[in-house]
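It should be emphasised that the depicted structure is a prediction, and the values quoted were computed from it without experimental measurement.
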Amino acid sequence: MGNAIVQPRSGAGGRSALYADGPFPGDAATATELAESGFGTVILWSLHVHENGDLYYNETPIVQDGGYCVEDDRWADWVKSLKTAKGSKVGRVEISVGSYGAADWENIKSLIAKRGADGGTGPDSILCRNFKALFDKIGVDALNSDDESCYDVDSTVEFARMAKRIGYRNFTFVPYARMDYWRDVRAELGSLVDRVYLQCYAGGTGNDPGEWADALGMAVDPGFWCKNGDGCAQGDSPAAVEQKLTEMGRKTPVHGGFMWCYSDMRKCSTPGQTVADYAAAVNSATGIGNIATPAATGKPGR
């Protein structure tokens, strides 16, 4: 292909992510489906922080008093297999903290404010010990913030810096509102925030990636809700997702996109509407594989 660079339709490199709600503890079939689907990133949803600092994965306690408390390693092994399984296309795994209606970020703020004893973010704090125990066990690449109620800049920044010291490589956002909060956190954390997954569905319907990119000083990855609801009559098909991302990419650089959520994809799966079909739609619209590798230098073209 020589030195030619083929421009992707959205004018960017391209990447795809999927929020995987559950499964716990997971099985070989779901791990294989996710690993081979074509999504480059899997975001585990959702981690909850209780008032005393205990970490729950949805309704299951997983870390308490600085120790991993699940009786066996099935879930931890399942998480690791997303990247290590033969034929896996997953290169990155994140775990999301928070959700709508949960007080996780309020609890984080309160725990940080206590400072002494188990408070704060130092190595002896319950937050640091618990998130280190989680990292040591499952080794995810990044923490993803799904704060939909607290919006406290100072505690978020301190928490993210603690996570970096522990070993989490990055800190990512999944906003739908309160642009001012996300802008201020991004300004404090800089390159530690390497991805922003912008909700363009439900409460985020109508969000403009260009406006958010200008405010945050970085490109954002728009996200959509797959087919869902009674009779799978709500949400977007793979074709609709590809069209929406392509149209957004004509207005502003769109480096990737994400989908919500895995359980709905499985429930509403039909020929042409599988997990792999959604991955292909995001990858196609955002340009994965559309930039050639210059043969003369051997360097990546993106």
Side-chain angles (χ1 to χ4, degrees), residues 15 17 19 41-51 53-57 62-63 66 79 92-100 102-115 118-199 212-213 215-221 223 256 258:
R15 58 189 174 218
Y19 276 80
T41 297
V42 172
I43 305 170
L44 307 172
W45 189 90
S46 176
L47 188 71
H48 296 297
V49 182
H50 285 218
E51 290 182 358
D54 287 354
L55 304 184
Y56 280 58
Y57 187 59
I62 56 172
V63 179
V79 172
R92 175 173 172 136
V93 177
E94 305 183 17
I95 190 164
S96 188
V97 181
S99 67
Y100 177 79
D104 305 301
W105 286 97
E106 287 85 353
N107 291 337
I108 289 171
K109 178 183 177 182
S110 177
L111 287 165
I112 290 175
K114 289 181 178 179
R115 294 300 169 191
D118 270 350
T121 57
D124 295 329
S125 69
I126 192 63
L127 279 175
C128 187
R129 290 190 292 120
N130 281 355
F131 274 90
K132 184 177 187 304
L134 179 69
F135 178 80
D136 289 345
K137 192 65 179 181
I138 67 173
V140 297
D141 300 287
L143 292 179
N144 170 257
S145 173
D146 188 11
D147 185 353
E148 304 197 10
S149 58
C150 184
Y151 300 123
D152 182 71
V153 174
D154 291 344
S155 59
T156 305
V157 169
E158 186 170 348
F159 174 84
R161 288 173 175 163
M162 176 199 75
K164 177 66 173 178
R165 293 194 299 271
I166 289 170
Y168 297 92
R169 290 204 299 269
N170 293 102
F171 188 75
T172 64
F173 302 161
V174 58
Y176 78 95
R178 286 295 304 269
M179 186 186 290
D180 59 331
Y181 161 77
W182 301 103
R183 178 199 62 216
D184 292 348
V185 174
R186 156 68 177 164
E188 290 289 334
L189 294 178
S191 61
L192 181 59
V193 180
D194 70 329
R195 294 191 189 180
V196 175
Y197 304 102
L198 179 65
Q199 297 182 49
W212 280 82
L216 272 61
M218 61 184 294
V220 303
D221 294 7
F258 78 93

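When all heavy atoms are compared, the tightest approach of Ile126 to Gly66 is CD1-N, 4.2 Å. Between Arg15 and Asp221, the shortest heavy-atom contact is NE-OD2, 2.8 Å. Taking each heavy atom of Glu106 and Ser149 in turn, the nearest pair found is OE2-OG, 2.7 Å. Here the closest non-hydrogen pair linking Arg178 and Trp212 is C-CH2, 4.4 Å. Nearest approach of Arg169 to Asp141, heavy atoms of both residues: NH2-OD1, 2.5 Å. Considering all non-hydrogen atoms of both residues, Cys128 and Gly122 come closest at CB-O, 3.1 Å.
Put simply, the side chain of Glu188 does not reach to within 4.5 Å of the side chain of Asp184, judged on heavy atoms. Within the 4.5 Å cutoff, the side chain of Phe171 has no heavy atoms near those of the Lys164 side chain. Using a 4.5 Å heavy-atom threshold, the side chains of Phe131 and Leu47 count as touching. For the pair Arg165/Tyr168, no side-chain contact is recorded, criterion being any heavy-atom separation below 4.5 Å from C-beta on. With contacts defined as side-chain heavy-atom distances shorter than 4.5 Å, the pair Leu55/Val49 qualifies. The side-chain heavy atoms of Ser110 and Glu51, taken from C-beta on, include no pair separated by under 4.5 Å.
To the nearest 0.5 Å, the span separating OG on Ser145 from CH2 on Trp105 amounts to 4.0 Å. Atom-to-atom distance recorded for Ile95:CD1 and Phe135:CZ is 12.5 Å, nearest 0.5 angstrom. The distance from atom CG of Leu111 to atom OG of Ser125, rounded to the nearest 0.5 Å, is 8.5 Å. The CG atom of Asp147 lies 10.5 Å from the CZ atom of Phe173; values are rounded to the nearest 0.5 Å. The OG atom of Ser96 lies 10.0 Å from the OH atom of Tyr197; values are rounded to the nearest 0.5 Å. Atom CD of Gln199 sits about 5.5 Å away from atom CZ of Phe258, to the nearest 0.5 Å.
In this structure Lys109 satisfies the side chain to side chain donor-acceptor pair (under 3.5 Å) test with no other residue, sequence neighbours excluded. For Ser46, there are no side chain to side chain donor-acceptor pair (under 3.5 Å) partners at least two apart in sequence or on another chain. In this view, Asp194 and Arg92, Asn170, Thr172 satisfy the side-chain contact (heavy atoms from CB on, under 4.5 Å) rule, not counting sequence neighbours.
Side chain to side chain, Glu94 and Thr41 fail the donor-acceptor criterion of an N or O pair below 3.5 Å.
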### Message
Before you tell me yes or no, could you show the steps for Leu189 and Arg161 under side-chain contact (heavy atoms from CB on, under 4.5 Å), namely the whole-Å CA-CA distance, both residues' side-chain angles and the distance that decides it to 0.1 Å?
### Response
CA-CA 8 Å; Leu189 294 178; Arg161 288 173 175 163; 4.0 Å; yes
### Criterion side-chain contact (heavy atoms from CB on, under 4.5 Å) on Ile108 and Val97, from CA distance to verdict
CA-CA 10 Å; Ile108 289 171; Val97 181; 4.1 Å; yes
